[in-house]
Amino acid sequence: MRWSTDGVLASLSYHYYRSLLRACARGASLADGEKLHATLLKNGLSASPDSFIHNALLHMYAMCGTTSSARLVFDQIPLTHRDTVDWTTLMGCYSRNRMPHDALHLFLDMQGEGVQPDEVTMVCFFNACSRLGDVMCGLQGHPCMIKRGLPFTVTASNAAMDMYAKCGRMADARRVFDEMSERSVVSWTVILAGVVKWEGVENGRILFDEMPERNEIAWTVMIASYVESGFHREAMWLLGDMILSLCLELNHVTLCSLLSACAQSGDMMMGRWVHVYVLKIMDKEMNLMVGTALVDMYAKCGRIEAAYRVFKWMLHRNVVAWNAMLSGLAMHGQGIAVLELFSQMIAEAQPDDVTFVALLSACSHSGLVDQGQQFFHDLGPVYGIMPKIEHYACLVDLLGRAGRLEEAEALVRKMPILPNEVLLGSLLASCSLHGKLQLGESLLQELVQINPLNTEYHFLMSNMYALAGKRDEADSLRLVLKKRGVRKAPGSSCIHVGGQVHQFSAGDKSHPRTQEVYFMLDEMIRRLRLAGYVPNTASQVFSVSESGSHNADEREEEEQLLFSHSEKLALSFGLISTRPSAPLHIFKNLRICQDCHFAIKLVSDIYRREIVIRDRNRFHCFKQGSCSCSDYW
DNA sequence: TTAATTGCCC
């Protein structure tokens, strides 16, 4: 009698707990879910061989994104009770939480145990492949579904399409899209995201206009793509349309996407607009992610003080927010500020591997060799962080910049990780700085093996030869590039003046105020020469002359080419279109050349201007004749 | 259950 009452009670409680756990899963309230789990453990209810409490727990942890707890619960489910749904739930959890490798492992384990995947499992499979960018793996999904006779639901087709689109196989993605008998908004949005990424923003717009209906994600993809491609005006128009036609507030994911696009393209006008919008709609506390995206945006737009102001006002700051602030300062060459801020950070957040990438790169950009080495040595023993390739790359960079190339090379040869392209490339750049031809040559050989398509290193090496007076070697290397039909990507620079973006390419004559710009340029060069500037034609990688012998006309032509570099044009325009002593902010798509760097240092002194130039990978802050990069970049 | 999601070495 007693036994049966307990049984009834127990079964009642199972249902009770299960519905509570489902509520936690729906609301993603991990704290309540964990309390329920603890209660279950205390009452011994979770020891039941019946798996449905486990299922509910697994589902709850998976929905809350707590992968480790989800795995623990999963492992406790007896093998005989683990069904397709359990495996799929955990796979989806791994995939969503950026652990696609684990998701794929689980997929294999599942089949090893003889459990059959269903179409939902395949959605998770495609998703994991798409996050990994692994087409070879993803390609097997399609035949796998056909073999098992699984239905191509709208969701499954979307997931397959997304995998193809993320891996750049647009033809395959479109084939799936065309063959779908029914399409959802998501189907259109997935194709749209693929098109703007691989086929350009204009083709994306054509598709966007064709869409039968649009959700906020489609709008966001389209606008962010405009911003990233520098279509400032179109982006602003479309953002206005989006707000009007959706009649709702932009959510934090949309705001982050837009800010990230602004940071990438240096569109500070749009970034500032988003900031104002955020302040208007967020009555209480600013969303942590939006705050972090703002810090990053301001830092990458050259406004490091504005970034710091936002950072200071954030009430809660996690490790990501701190990292954004630290790497922003590092990019700006403010090494000492990074070290100071780091000591404050320790009290508030646990530093992670990214923190140390920022710290080490700050040390390297500011020549703080000893501190950098100390941080690297402390990584494991003090902070419990496994050094990754990025950390080794920073240390190699640190030693290389300081001219300690033998130590840097020794480190590369004895480190436990295989060196990658970035690391060897930075070592080659150090060789170039210190004129180490021999090491440079052997590094170039290695780099060609790793990535035969990247020709940047040939340019670097040929410059080294030219600077060392080895004209023949330099020319033969240039000839190799010429034979392969390699041309340097066209350089272009943007400057924001009066709420508008003005773009200049090398030798550009299309700007409405071109005459004034070139007049200013001449005047600038004249004053530069008076201050001791000598055009550095050695930094010109492809000279006008093919033979190597130079006559006076050719030299003049080379100099003219040098003077019309896009950053010099943008600078001239900035000087004539802003009030005296206003700081100038310029964005350049490539790395700034030696000649421009030297010239701009002088300009900052002669014209008493602060000039901030964002190049492809860092900032140059020119002030009173010197640059924050200490002449190494 | 799928789509846009803050920080990263040259």
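Protein chains get the first letters and strands the later ones, always in sequence-line order, with residue 1 at the start of each.
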What does [X] touch in the nucleic acid at a heavy-atom separation under 4.0 angstrom: a base, only the sugar-phosphate, or nothing?
{"X": "Asp296(A)", "result": "sugar-phosphate"}
{"X": "Asp352(A)", "result": "base"}
{"X": "Thr189(A)", "result": "nothing"}
{"X": "Ser327(A)", "result": "sugar-phosphate"}
{"X": "Val320(A)", "result": "base"}
{"X": "Lys197(A)", "result": "nothing"}
{"X": "Ala324(A)", "result": "sugar-phosphate"}

Nearest-neighbour nucleotide for the [X] side chain, [options] considered:
{"X": "Ser361(A)", "options": "dG7(B), dC9(B), dT2(B)", "answer": "dC9(B)"}
{"X": "His365(A)", "options": "dA3(B), dT6(B), dC10(B)", "answer": "dC10(B)"}
{"X": "Ala429(A)", "options": "dC10(B), dC9(B), dA4(B)", "answer": "dC10(B)"}
{"X": "Ser257(A)", "options": "dT5(B), dT1(B), dC8(B)", "answer": "dT5(B)"}
{"X": "Thr155(A)", "options": "dC10(B), dT1(B), dG7(B)", "answer": "dT1(B)"}
{"X": "Met289(A)", "options": "dT6(B), dC10(B), dT1(B)", "answer": "dT6(B)"}
{"X": "Val186(A)", "options": "dC8(B), dT2(B), dT6(B)", "answer": "dT2(B)"}
{"X": "Asn215(A)", "options": "dC9(B), dA4(B), dA3(B)", "answer": "dA3(B)"}

> Relative to the ring of Phe356(A), is the ring of Tyr383(A) parallel (under 30°), tilted (30 to 60°) or perpendicular (over 60°)?
Replying inline: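 Tilted: the ring planes of Tyr383(A) and Phe356(A) meet at 30° to 60°.
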With a 4.0 Å cut-off, would you call [X] and [Y] a salt bridge?
{"X": "Arg174(A)", "Y": "Asp178(A)", "answer": "no"}
{"X": "Glu446(A)", "Y": "Arg413(A)", "answer": "yes"}
{"X": "Lys388(A)", "Y": "Asp353(A)", "answer": "yes"}

Rounded interatomic separation in angstrom, taking [atom1] from [X] and [atom2] from [N]:
{"X": "Asn287(A)", "N": "dA4(B)", "atom1": "CG", "atom2": "P", "value": "18 Å"}
{"X": "His252(A)", "N": "dA4(B)", "atom1": "NE2", "atom2": "C1'", "value": "11 Å"}
{"X": "Met415(A)", "N": "dC9(B)", "atom1": "CE", "atom2": "P", "value": "16 Å"}
{"X": "Leu239(A)", "N": "dA4(B)", "atom1": "CG", "atom2": "P", "value": "19 Å"}
{"X": "Met211(A)", "N": "dA4(B)", "atom1": "CE", "atom2": "C1'", "value": "12 Å"}
{"X": "Met345(A)", "N": "dG7(B)", "atom1": "CE", "atom2": "C1'", "value": "10 Å"}
{"X": "Arg131(A)", "N": "dT2(B)", "atom1": "CZ", "atom2": "P", "value": "8 Å"}
{"X": "Met145(A)", "N": "dT2(B)", "atom1": "CE", "atom2": "C1'", "value": "13 Å"}

>> Does dT2(B) have OP1 or OP2 under 4.0 Å away from a side-chain N or O of Arg96(A)?
In response: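 Yes, within the criterion.
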>> OP1 or OP2 of dG7(B) versus the side-chain N and O atoms of Lys300(A): is any pair under 4.0 Å?
In response: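 Lys300(A) to dG7(B) OP1/OP2: side-chain N or O found under 4.0 Å.
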>> Please report the interatomic distance OG(Ser265(A)) to CG(Asn589(A)), rounded to the nearest 0.5 Å.
In response: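 Taking OG in Ser265(A) and CG in Asn589(A), the distance rounds to 12.5 Å.
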> Can you name the one residue among Val278(A), Thr220(A), Asn287(A) that meets side chain to side chain contact (heavy atoms under 4.5 Å, CB included) with Leu255(A)?
Replying inline: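 Answer to the side chain to side chain contact (heavy atoms under 4.5 Å, CB included) test with Leu255(A) among Val278(A), Thr220(A), Asn287(A): Val278(A).
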